[in-house]
**Student:** 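Input: one structure, supplied below.
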Amino acid sequence: MDKIHKRRGGDAVLKDPYLRKIDYKDPNVCPNCKAIYHNKRWQFNDDLEHEIRLNSHYEERKCPACRKIQDKYPMGFVFISGNFIDQHKNDILNTVKSEEQRAIDKNPLERIMEIAKKKENQYQIKTTTDTLAQRIGKILHNSYKGDIEYKFSEDQKVLRVFWSRQS
């Protein structure tokens with residue numbers, strides 16, 4: 001069964017506090033992950049990084065994703081449960097990691113911070129964005145069926161996704 005609990009009242013679009021805190025100069029190279037801020041967007045581009053390092057003055061400040069990881073500030077949680085995981089753990093985790101890579105290709109600030117086993121047949125995934133948590137929930141549901149529930153925080157830009165499947 002699919003359930004979506006949306007934010008009620010107030011601002012329907014909540015802002016990411018890590019995108020507003022620092023005014024990044026162009027160009028900026030993240031010293032941790034080497035993401036580049038150029039032309040008002042973040043990207044991974046080895047050729048551009050090489051060119052920037054050789055030919056221009058640039059700043060080195062951590063990107064919002066690396067700052068969230070450092071501060072342990074997830075904006076998305078995916079809870080995976082059910083005895084279906086027993087037989088399909090590797091497939092499920094590979095699906096999750098592949099979805100992260102697809103997300104990173106579009107937006108390098110969308111990353112998995114942690115995948116932790118909580119109990120037998122229960123995992124928790126922390127993400128740097130609510131969008132990535134939603135993408136992971138959707139791909140798990142589309143790939144493996146099961147039950148999914150989305151819970152949006154009413155006052156913060158945080159999403160909790162609960163996916164479960166029994167054998």
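Hydrogens, waters and symmetry mates are skipped; everything else that's a heavy atom, side chains included, is used. Since this is a predicted model, take the numbers as computed values, not measurements.
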**Student:** For the residue pair Gly146 and His141, what are the closest heavy atoms and their distance?
**Tutor:**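 Here Gly146 and His141 meet closest at O-CE1, 3.2 Å.
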
**Student:** Working to the nearest 0.5 Å, report the span between CD of Glu99 and NZ of Lys138.
**Tutor:**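 Here the interatomic distance stands at 9.0 Å.
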
**Student:** Would you verify whether the NZ or CZ of Arg165 falls within 45 degrees of the ring axis of Tyr144 while also being under 6.0 Å from that six-membered ring's centre?
**Tutor:**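 Output no; distance or angle outside limits.
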
**Student:** Which atoms form the tightest heavy-atom contact between Gln166 and Gly82, and what is the distance?
**Tutor:**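 Heavy atoms only, the tightest pair is NE2-CA, 3.5 Å.
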
**Student:** First locate atom OH of Tyr37, then atom CD of Glu59, and finally report the distance between them rounded to the nearest 0.5 Å.
**Tutor:**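 Answer rounded to 0.5 Å: 11.0 Å.
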
**Student:** From Tyr18 OH over to Met75 CE, what is the distance, rounded to the nearest 0.5 angstrom?
**Tutor:**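 Taking OH in Tyr18 and CE in Met75, the distance rounds to 9.0 Å.
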
**Student:** Report the C-alpha separation of Leu54 and Ile52 in whole Å, then their side-chain angles, then the decisive distance to 0.1 Å, and conclude whether the side-chain contact (heavy atoms from CB on, under 4.5 Å) test is met.
**Tutor:** CA-CA 5 Å; Leu54 286 178; Ile52 287 170; over 6 Å; no

**Student:** If you take all heavy atoms of Pro64 and Leu109, which pair is closest and at what distance?
**Tutor:**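 Nearest pair, atom of Pro64 first, then Leu109: CD-CD2, 3.9 Å.
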
**Student:** Could you grab the distance from atom CH2 of Trp42 to atom SG of Cys63, nearest 0.5 Å is fine?
**Tutor:**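 Here the interatomic distance stands at 5.5 Å.
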
**Student:** If Ile, Leu, Val, Met, Phe, Trp and Tyr residues are connected whenever their side-chain heavy atoms lie under 4.5 Å apart, and connections chain through other members, are Val96 and Ile69 in the same group?
**Tutor:**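 No; tracing contacts between hydrophobic side chains, which count when under 4.5 Å, never links both residues.
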
**Student:** Give a yes or no on whether the backbone of Asp47 and the side-chain of Asn45 come within a donor-acceptor separation of less than 3.5 Å.
**Tutor:**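 Here the side-chain-to-backbone pair exists.
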
**Student:** Could you tell me whether the side chain of Asn94 and the main chain of Asn90 form a donor-acceptor pair under 3.5 Å?
**Tutor:**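 Yes, Asn94 side chain to Asn90 backbone: donor-acceptor pair under 3.5 Å.
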
**Student:** Short question: side chain of Lys118, backbone of Gln124 - any donor-acceptor pair under 3.5 Å?
**Tutor:**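 No, because the side chain of Lys118 does not come within donor-acceptor range (under 3.5 Å) of the backbone of Gln124.
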
**Student:** If Ile, Leu, Val, Met, Phe, Trp and Tyr residues are connected whenever their side-chain heavy atoms lie under 4.5 Å apart, and connections chain through other members, are Val78 and Leu93 in the same group?
**Tutor:**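 Yes, same cluster.
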
**Student:** When rounded to the nearest 0.5 angstrom, what is the spacing between CZ in Arg102 and CG in Leu132?
**Tutor:**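 Answer for the CZ-CG pair, Arg102 versus Leu132, is 11.0 Å.
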
**Student:** Answer yes when Lys25 and Glu60 have at least one side-chain N-carboxylate O distance shorter than 4.0 Å, and no when they do not.
**Tutor:**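 Looking at Glu60 together with Lys25, the answer is no, because their closest N to O distance does not fall below 4.0 Å.
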
**Student:** Using modelled atom types and a 3.5 Å cut-off, is there a donor and acceptor pairing between side-chain atoms of Asn32 and backbone atoms of Cys66?
**Tutor:**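 Pair absent, no side-chain N/O of Asn32 close to backbone of Cys66.
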
**Student:** Between Asp16 and Lys68, is any pair of side-chain heavy atoms under 4.5 Å apart?
**Tutor:**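 A side-chain contact under 4.5 Å exists here.
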
**Student:** Is there a donor-acceptor contact under 3.5 Å from the side chain of Asn83 to the main chain of Ser167?
**Tutor:**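 Present.
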
**Student:** Return yes if some donor-acceptor pair links the side-chain N/O of Lys34 with the main-chain N/O of Pro31 below 3.5 Å, else return no.
**Tutor:**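 Answer holds: yes.
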
**Student:** Okay, side chain of Glu100, backbone of Arg111: is any donor-acceptor separation there less than 3.5 Å?
**Tutor:**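 Checked: no pair found.
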
**Student:** Step by step, work out the side-chain contact (heavy atoms from CB on, under 4.5 Å) result for Trp163 and Ile92.
**Tutor:** CA-CA 11 Å; Trp163 178 81; Ile92 290 169; 4.2 Å; yes

**Student:** For Ala65 and Pro108, which heavy atoms make the closest approach, and how far apart are they?
**Tutor:**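 Looks like CB-O, 4.4 Å.
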
**Student:** I want to check something: taking the side chain as every heavy atom from C-beta on, are Ile125 and Ile80 in contact at a cut-off of under 4.5 Å?
**Tutor:**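 Result yes, sub-4.5 Å side-chain heavy-atom pair found.
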
**Student:** Using a 6.0 Å cut-off, check whether atom NZ of Lys106 has over 12 heavy atoms from anything other than its own residue.
**Tutor:**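 Count not over threshold, so no.
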
**Student:** Set out, in order, the CA-CA distance, both residues' side-chain angles and the distance that settles side-chain contact (heavy atoms from CB on, under 4.5 Å) for Tyr123 and Lys89, then state yes or no.
**Tutor:** CA-CA 10 Å; Tyr123 287 84; Lys89 180 184 103 177; 2.8 Å; yes

**Student:** Between Pro74 and Lys126, which heavy-atom pair has the shortest distance, and what is it?
**Tutor:**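 So the two residues come closest at CB-CB, 3.9 Å.
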
**Student:** Would you sort out whether Cys33 and Phe44 count as a side-chain contact (heavy atoms from CB on, under 4.5 Å), showing the intermediate values?
**Tutor:** CA-CA 9 Å; Cys33 69; Phe44 286 119; 4.0 Å; yes

**Student:** Would you compute the distance between atom CG of Leu159 and atom CD1 of Ile136 and round it to the nearest 0.5 angstrom?
**Tutor:**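 So the gap between those two atoms works out to 10.5 Å.
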
**Student:** Could you state whether Met113 and Phe79 fall into the same hydrophobic cluster, counting links through intermediate Ile, Leu, Val, Met, Phe, Trp or Tyr residues with side-chain heavy atoms under 4.5 angstrom apart?
**Tutor:**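 In one cluster with Met113: Phe79, no.
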
**Student:** Around atom CG of Asp46, are there more than 12 heavy atoms of other residues, nucleotides or ligands at under 6.0 Å?
**Tutor:**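 No - once you tally the heavy atoms of other residues, nucleotides and ligands closer than 6.0 Å, there are 12 at most.
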
**Student:** Looking at Ile104 and Glu110, what are the two nearest heavy atoms and their distance?
**Tutor:**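 Smallest interatomic distance, heavy atoms only, reads CG1-O, 3.1 Å.
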
**Student:** Between Asp130 and Lys157, does the salt bridge (charged side-chain N to carboxylate O under 4.0 Å, His left out) criterion hold? Intermediate values first, please.
**Tutor:** CA-CA 7 Å; Asp130 58 335; Lys157 191 173 173 72; 3.7 Å; yes

**Student:** Answer with yes or no whether the side chains of Arg53 and Tyr58 bring together a donor and an acceptor at under 3.5 Å.
**Tutor:**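 The answer is yes; a qualifying pair exists.
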
